2 protein chains.
Amino acid sequence: MKTGRRDRKKQQTRQALIEAALRLVDERGLDHVTVEDIADAADVSPRTFFNYFASKDEAITGDLFVEDDGTGERLLSAAPGVPVVEAFLNAMAPGLTAMQDDRDVWFLRMRVMEANPSLILSLIARSSAAENQLVRVVAKRLGLPQAHPYPAVFAAAAGGAVRTAMMRWPSARRPLTDLVDEAFSYLATGLADPRGEQGSPGGQSPRDEQDPADPINERRNEL
Amino acid sequence: MKTGRRDRKKQQTRQALIEAALRLVDERGLDHVTVEDIADAADVSPRTFFNYFASKDEAITGDLFVEDDGTGERLLSAAPGVPVVEAFLNAMAPGLTAMQDDRDVWFLRMRVMEANPSLILSLIARSSAAENQLVRVVAKRLGLPQAHPYPAVFAAAAGGAVRTAMMRWPSARRPLTDLVDEAFSYLATGLADPRGEQGSPGGQSPRDEQDPADPINERRNEL
DNA sequence: GGTCGAACTTGCAGTCGCTGCAAACTTTTA
DNA sequence: TAAAAGTTTGCAGCGACTGCAAGTTCGACC
């Protein structure tokens with residue numbers, strides 16, 4: 001359905017804008033890059049930039065799986081017996097592997113965000129839009145009323161877990177899905193003390209984070 | 001230490017700005033109120049507004065217990081045996097009751113935010129600053145390395161739970177602490193299905209949300 | 001192939017959030 | 001009462017973002 005030259009050009013422009021934005025902000029820092037700079041680098045008018053993105057930040061933080069990428073549908077269509085948490089993890093899997101495939105761009109993104117904390121806030125704000133959708137979907141799946149607190153808590157916690165995994169991703173040198181699973185394991189045990197002194201250790205034990213410059217541990221680069 | 005006339009006037013101006021902002025935005029909607037409007041209503045120059053708040057949103061979303069209000073210290077100084085979740089709830093209690101006392105302002109705030117969703121995003125972004133502090137404090141209390149994922153997941157989930165409780169507060173007509181406890185009960189059970197079909201129901205069972213216009217249930221107004 | 005309409009780009013003009021600076025003013029301190 | 005320290009204000013300016021209307025490109029249909 002999207003095979004015309006027009007759509008191809010649109011996709012190219014979009015890509016060019018994203019890349020220009022990431023590159024420039026990486027080089028100079030967020031507040032030393034104007035929208036005009038980005039537009040120039042992508043060879044379009046500044047006005048056009050705003051036809052693609054609602055804000056400067058949006059071009060940088062990316063779409064993640066914020067928009068409807070089918071996660072909601074998959075969650076709803078999971079077999080009835082499957083618990084919500086599990087169903088959610090499964091529903092998210094395709095999105096996560098998509099991110100894995102785009103690993104280089106995402107790592108750059110994360111680096112840029114680390115260096116410009118206001119972008120992290122933008123990301124959080126954006127993902128909260130996705131969480132709203134999740135609230136509705138979870139409520140629907142469980143047949144709970146819209147005002148029931150569970151779906152909201154679920155979405156907030158799940159969103160937080162995913163975000164946490166994302167932030168750790170570049171330095172953890174492990175597949176994103178691993179990190180997400182680990183984050184959820186803490187939720188699964190009711191946020192019990194991870195040192196196992198008193199909690200009920202049902203999840204896998206967390207491997208210690210390795211030093212970013214650690215030369216040992218050759219699991220790197222497998223993802 | 002803050003008893004001079006100068007500090008009293010500052011406090012007054014701040015209050016005036018907050019009230020003006022809330023009132024005007026409540027009346028007209030966020031994008032039909034400029035900073036100049038707010039400053040005029042509080043009878044100060046627009047430039048002065050920005051001496052008090054870093055952004056227009058900040059005057060509206062409020063300080064919540066974002067800034068250091070002692071929560072961190074209380075969490076750290078809790079008895080060593082106390083589990084983190086419990087210690088956190090205890091540490092937060094004073095802040096929550098402070099909000100209860102300011103109930104009218106907070107309800108207005110929540111109404112204004114509901115009506116102007118971008119403000120919710122601002123609130124989320126702001127509270128994530130508080131979550132960062134929480135990450136550090138939790139890591140310190142548990143003696144975990146900074147890079148360990150548990151504190152981050154904890155902070156994200158806890159922050160989400162608190163936020164959820166806050167959003168429900170105006171319509172739930174129950175004390176805020178109740179709502180926070182309830183939200184945390186879902187976390188405590190590892191986000192198990194709240195219908196009890198398969199989860200391990202350790203927490204109190206959730207009372208159903210009541211209709212906002214429900215004339216029954218006379219627990220209202222006790223808080 | 002030519003023509004029409006839809007989609008996309010662009011410039012323009014304007015509003016508003018927000019900042020740095022320096023001058024005026026007010027409160028505190030000595 | 002004079003100096004010091006803190007606060008308010010105006011001004012000038014940058015840059016994000018928007019609506020509008022004109023121009024351009026592309027696709028579809030005859």
Side-chain angles (χ1 to χ4, degrees), chain A residues 1-18 20-22 24-25 27-61 112 116-119 121-123 125-126 129, chain B residues 1-18 20-22 24-25 27-62 112 116-123 125-126 129:
Chain A
M1 60 164 78
K2 281 209 167 189
T3 49
R5 163 180 297 151
R6 183 170 266 165
D7 299 278
R8 240 177 302 132
K9 283 204 89 174
K10 254 191 105 171
Q11 206 49 38
Q12 279 176 11
T13 310
R14 187 184 185 79
Q15 241 3 75
L17 283 170
I18 291 178
L22 280 176
L24 291 176
V25 175
E27 288 170 5
R28 302 189 215 158
L30 184 63
D31 15 314
H32 296 101
V33 176
T34 69
V35 168
E36 195 180 351
D37 293 336
I38 300 173
D40 281 356
D43 204 41
V44 293
S45 83
R47 188 63 186 82
T48 298
F49 178 93
F50 289 105
N51 288 341
Y52 283 86
F53 305 99
S55 70
K56 188 168 106 174
D57 291 4
E58 194 174 311
I60 301 167
T61 56
V112 166
N116 304 276
S118 79
L119 288 173
L121 302 188
S122 277
L123 174 71
R126 288 201 78 202
Chain B
M1 61 159 73
K2 282 208 167 190
T3 48
R5 163 180 297 150
R6 185 170 267 166
D7 299 277
R8 238 177 303 132
K9 283 205 88 174
K10 255 192 105 170
Q11 206 48 38
Q12 279 176 11
T13 310
R14 186 184 186 80
Q15 245 357 80
L17 283 170
I18 291 177
L22 280 175
L24 290 177
V25 175
E27 288 170 5
R28 303 189 215 158
L30 184 63
D31 14 315
H32 296 102
V33 176
T34 70
V35 168
E36 195 180 351
D37 293 335
I38 300 173
D40 281 355
D43 204 40
V44 292
S45 83
R47 189 61 186 81
T48 297
F49 178 94
F50 289 106
N51 288 339
Y52 283 86
F53 305 100
S55 71
K56 188 168 108 174
D57 291 4
E58 193 174 311
I60 301 167
T61 56
V112 166
N116 303 276
S118 79
L119 288 174
I120 302 188
L121 303 187
S122 277
L123 175 70
R126 288 201 77 201

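What you are looking at is a predicted structure, and each value in this text was computed from that prediction instead of being measured. Each chain gets a letter, A, B and so on, in the order its sequence line appears, and its residues count up from 1.
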Spatial distance of atom CZ (B/R14) from atom CG (B/D7) [nearest 0.5 Å]: 12.5 Å

Shorter than 3.5 Å, N or O on both sides, protein versus nucleotides 17-20 of chain C: list them out with atom names.
| unit_1 | atom_1 | unit_2 | atom_2 | d |
| --- | --- | --- | --- | --- |
| C/dG17 | OP1 | B/K56 | NZ | 3.0 |
| C/dG17 | OP2 | B/V35 | N | 3.2 |
| C/dC18 | OP2 | B/K56 | N | 2.6 |
| C/dG20 | N7 | B/R47 | NH2 | 2.9 |
| C/dG20 | O6 | B/R47 | NE | 2.5 |

Rounded to 10 degrees, the angle between the two terminal axes of the helix from C/dG1-D/dC30 to C/dA30-D/dT1, each from five pairs: 20°

First-last contacting nucleotides on DNA chain D - partner chain A, under 4.0 angstrom, heavy atom: D/dG15 to D/dG27

Atom of A/V33, atom of A/K56 and distance for their closest heavy-atom approach: O-NZ, 2.7 Å

Nearest heavy-atom neighbours spanning A/S122 and A/T61: CB-CG2, 4.1 Å

Exercise: identify the closest heavy-atom pair between A/I60 and A/A21: CG1-CB, 4.0 Å

Salt bridge flag under 4.0 Å for residues A/D57 and A/R126: no

Qualifying residues under side-chain hydrogen bond (donor to acceptor under 3.5 Å, both in side chains), relative to A/S45, sequence neighbours excluded: A/T48

Point-to-point distance, once rounded to the nearest 0.5 Å, from OH of B/Y52 to CD1 of B/I38: 15.0 Å

Smallest separation among heavy atoms of A/A59 and A/F49, with atom names: CB-CZ, 3.7 Å

Protein-to-nucleotide contact annotation, 5' to 3' order, nucleotides 3-9 of chain C [B base; S sugar-phosphate only; - none; under 4.0 Å, heavy atom]: ---BBSB

Interatomic spacing from CG in A/D37 to OG1 in A/T34 - rounded to 0.5 Å: 3.5 Å

Non-neighbouring partners of B/T13 that pass side-chain hydrogen bond (donor to acceptor under 3.5 Å, both in side chains), sequence neighbours left out: none

Nearest atoms (heavy-atom pairs only) where A/L30 meets A/S118: CD2-OG, 3.5 Å

Inter-residue atom distance B/L17.CG - B/L22.CG, 0.5 Å rounding: 11.0 Å

